[in-house]
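No hydrogens, no waters, no symmetry mates; every other heavy atom, side chains included, goes into these values.
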Amino acid sequence: MKITEVRVIVTCPTRNYVVVKILTDEPGLYGVGDATLNGRELAVAAALKEHIAPLLIGRDPDRIEDIWQMLFRGTYWRGGPVLMTALAGVDTALWDIKGKRAGLPVYSLLGGKTREGVLAYTHAGGSSFEAVEDDVRSKMAQGFKVIRCQVAIPGNVGTYGTGGGAEAASATWREAPGKGDTEWGDGGPMPAVETWEPGPYLRTVPKLFEYLRTTLGDEIELFHDVHERLTPIQSARLAKELEPYHLYFLEDCLRPEHKESFRLIRAHSTTPLAMGELFHTRWDCLPLISEQLIDFIRCDLGHIGGITEGQKIAHIAETYYVQTAWHGPGDIGPAMHAANVHLDFSLANFGVQEMVHFPQQVHDVLPGAPVCRNGYLYVSDAPGLGVDVNEELAAKYPYERAYLPMTRRADGAMMDW
């Protein structure tokens, strides 16, 4: 069996997605993967079309590990979000082919199911404590048992995550509630700009969870996403002050560059910690896992090279009692969400899986996304990942330039979004 063609499909059924379709010389046998990098979709598409696709023609798609190593190590200058996202698109498509050829769902090839359903979390947010409570209660009524909670911060503009699930699944920042001012340049919109200050944030978040525990009780699992905005000492303070409210975890409280800073947080708090959304390889994860500085590793399979790398990271983490919580936002496509859940089913140290509800246009163009029932995710038992792409319909939704928001401090200095 040989690879005969690699198609890179950029489509925007409410938001931009990059789809990798790998065809083989066996009639009707192809694989579908996802290579979406929010705000830099065309960079990944160009890397795939111009540099990676020519390397794949004529190769045996069954040799997933060998192809992975070739694409990762063969560039010499390796890693980074663009190349690792491109690699993830190829990797997931190859696993899809392998499953179809074997007549088995991908989770079966990864060792088979270790559970009957994959515990999912969703997002709740609002402009006030009462609004967040209402949103949490609505998610609980849908069966969710783990919920991320974000609230608007007084004096800040466009607080991250306050739109809850609607924001997570929205087409672009333009449709997400609570965003800052929008600028326009030649050919379309420029990034929305939010403002953020740590003082009001650090005073507000503990009060939010005090309120939620008082009104909702202790049975529902709640957590919070810092989104990499705090310094180490600020993070230690927040984690310590949140201890009485028993968070499921505190997510991404530091930027990804200086992992040693997690030692400071760990020394001051027993609040569980999760990290990894902006990591790209197992080596990014290694010090946090091996020193047990985190409790959940939450890489994005779409930005670390796909299932092949995710499985390796998970197996390393299992040795150190670290659970998985893969990133699963609306800005990765159904194929990658399916890859998440297939891997989740197979892992002994699975923890929880982020999920979103896709708009109907996405289901029409990219059918086969996991389904959520009573707070658990499920994938099809069809061979492969169970996903597909309607190329004719995808062509009716051309790429639209869009960016993630940017954040500045009150004095105008650049800040992490």
(request) Give a yes or no on whether the backbone of Tyr320 and the side-chain of Gln292 come within a donor-acceptor separation of less than 3.5 Å. (result) yes

(request) Anything under 30° is parallel, anything over 60° is perpendicular, the rest tilted; go ahead and classify Tyr160 against Trp417. (result) perpendicular

(request) Classify the ring geometry between Phe345 and Tyr378 as parallel (under 30°), tilted (30 to 60°) or perpendicular (over 60°). (result) tilted

(message) Can you confirm whether Leu110 sits close enough to Leu343 that some side-chain heavy atom of one is under 4.5 Å from a side-chain heavy atom of the other?
(response) yes

(message) Taking the basic N atoms (NZ, or NE/NH1/NH2) and the acidic carboxylate oxygens, is any pair closer than 4.0 Å for Glu221 and Lys145?
(response) no

(request) Spell out, as yes or no, whether a donor-acceptor pair under 3.5 Å connects the side chain of Arg115 to the backbone of Leu347. (result) yes

(request) Taking the side chain as every heavy atom from C-beta outward, state whether Asn340 and Val118 have any pair of such atoms under 4.5 Å apart. (result) no

(message) Please check: side-chain N/O of Thr204 versus main-chain N/O of Pro200, any donor-acceptor pairing under 3.5 Å?
(response) yes

(request) Ignoring hydrogens and angles, state whether a donor on the side chain of Tyr107 or Asp381 is under 3.5 Å from an acceptor on the partner side chain. (result) yes

(request) Please confirm whether the backbone N or O of Thr270 pairs with a side-chain atom of Glu243, one donor and one acceptor, at under 3.5 Å? (result) yes

(request) Return yes if some donor-acceptor pair links the side-chain N/O of Arg7 with the main-chain N/O of Leu23 below 3.5 Å, else return no. (result) no

(message) Tell me which one of Asp388, Thr24, Asp96 satisfies side chain to side chain donor-acceptor pair (under 3.5 Å) with Tyr30.
(response) Asp388

(request) Please confirm whether Tyr201 and His224 have ring centers closer than 6.0 angstrom. (result) yes

(message) Please check: side-chain N/O of Ser261 versus main-chain N/O of Pro232, any donor-acceptor pairing under 3.5 Å?
(response) no

(message) Do Leu377 and Asp344 have side chains that approach each other closer than 4.5 Å (heavy atoms only, starting at C-beta)?
(response) no

(request) Mind checking the CD1-CD spacing from Ile313 to Glu318? Nearest 0.5 Å is all I need. (result) 14.5 Å

(message) Please identify which of these residues, Lys100, Lys2, Lys98, meets the salt bridge (charged side-chain N to carboxylate O under 4.0 Å, His left out) condition with Asp62.
(response) Lys98

(request) Quick one: closest heavy-atom pair of Ser235 and Cys253, and the distance? (result) OG-O, 3.0 Å

(request) Is it possible for you to check whether Lys139 lies under 6.0 Å from the centre of the six-membered ring of Tyr121, through NZ or CZ, and within 45° of that ring's axis? (result) no

(request) Kindly indicate whether the side chain of Val18, heavy atoms from C-beta on, has any atom under 4.5 Å from the side chain of Val8. (result) yes

(message) Within a 6.0 Å radius of atom CD on Glu65, are there more than 12 heavy atoms belonging to other residues, nucleotides or ligands?
(response) yes

(message) If I compare all heavy atoms of Val387 with all of Ala338, which pair ends up nearest, and what's the gap?
(response) CG1-CB, 3.8 Å

(request) Using a strict cut-off of less than 4.0 Å between a Lys/Arg side-chain nitrogen and an Asp/Glu carboxylate oxygen, indicate whether Lys259 and Glu291 qualify as a salt bridge. (result) no

(request) Determine the interplanar angle of the Phe249 and Phe296 rings, folded into 0 to 90°, and report it as parallel if under 30°, tilted if 30 to 60°, perpendicular if over 60°. (result) tilted

(message) Using modelled atom types and a 3.5 Å cut-off, is there a donor and acceptor pairing between side-chain atoms of Asn349 and backbone atoms of Thr324?
(response) no

(message) Using side-chain heavy atoms (C-beta onward) and a distance below 4.5 Å, is Ile67 in contact with Leu56?
(response) yes

(request) Evaluate the side-chain proximity of Glu354 to His123: yes if any heavy-atom separation is below 4.5 Å, no if none is. (result) yes

(request) Please report the shortest heavy-atom distance between Ala124 and Ile147, naming the atom on each side. (result) CB-CG2, 3.7 Å

(message) Between Asp252 (side chain only) and Val226 (backbone N and O only), is there a donor and an acceptor less than 3.5 Å apart?
(response) no

(message) Is it the case that the side chain of Asp34 and the backbone of Ile332 share a donor-acceptor pair, with hydrogens and angles ignored and the cut-off at 3.5 Å?
(response) no

(message) With a 4.0 Å cut-off on N to O distance, would you call Arg15 and Glu41 a salt bridge?
(response) no

(request) Locate the shortest heavy-atom distance separating Pro105 from His342; write the atom from each residue and the value. (result) CB-CE1, 4.0 Å

(message) One pair to check against side-chain contact (heavy atoms from CB on, under 4.5 Å): Gln150 and Val132. What are the steps and the verdict?
(response) CA-CA 7 Å; Gln150 313 290 127; Val132 178; over 6 Å; no

(request) State whether Glu277 and Arg298 are salt-bridged, where the test is any N-O pair (Lys NZ or Arg NE/NH1/NH2 against Asp/Glu carboxylate O) under 4.0 Å. (result) yes

(request) State, to 0.1 Å, how close Thr92 and Ala339 come at their nearest heavy-atom pair, and which atoms those are. (result) CG2-CB, 3.9 Å

(message) Is there a side-chain contact (heavy atoms from CB on, under 4.5 Å) between Leu94 and Ile3? Walk through the geometry before answering.
(response) CA-CA 10 Å; Leu94 294 177; Ile3 295 172; 4.2 Å; yes

(request) For the pair Asp91 (side chain) and Leu87 (backbone), establish whether a donor and an acceptor sit closer than 3.5 Å, ignoring hydrogens and angles. (result) no

(request) Please report the closest heavy-atom contact between Val82 and Ala47, naming both atoms and the distance. (result) CG1-CB, 4.3 Å

(message) So that I know where these two stand, are Phe209 and Tyr245 an aromatic pair - ring centroids less than 6.0 Å apart?
(response) no

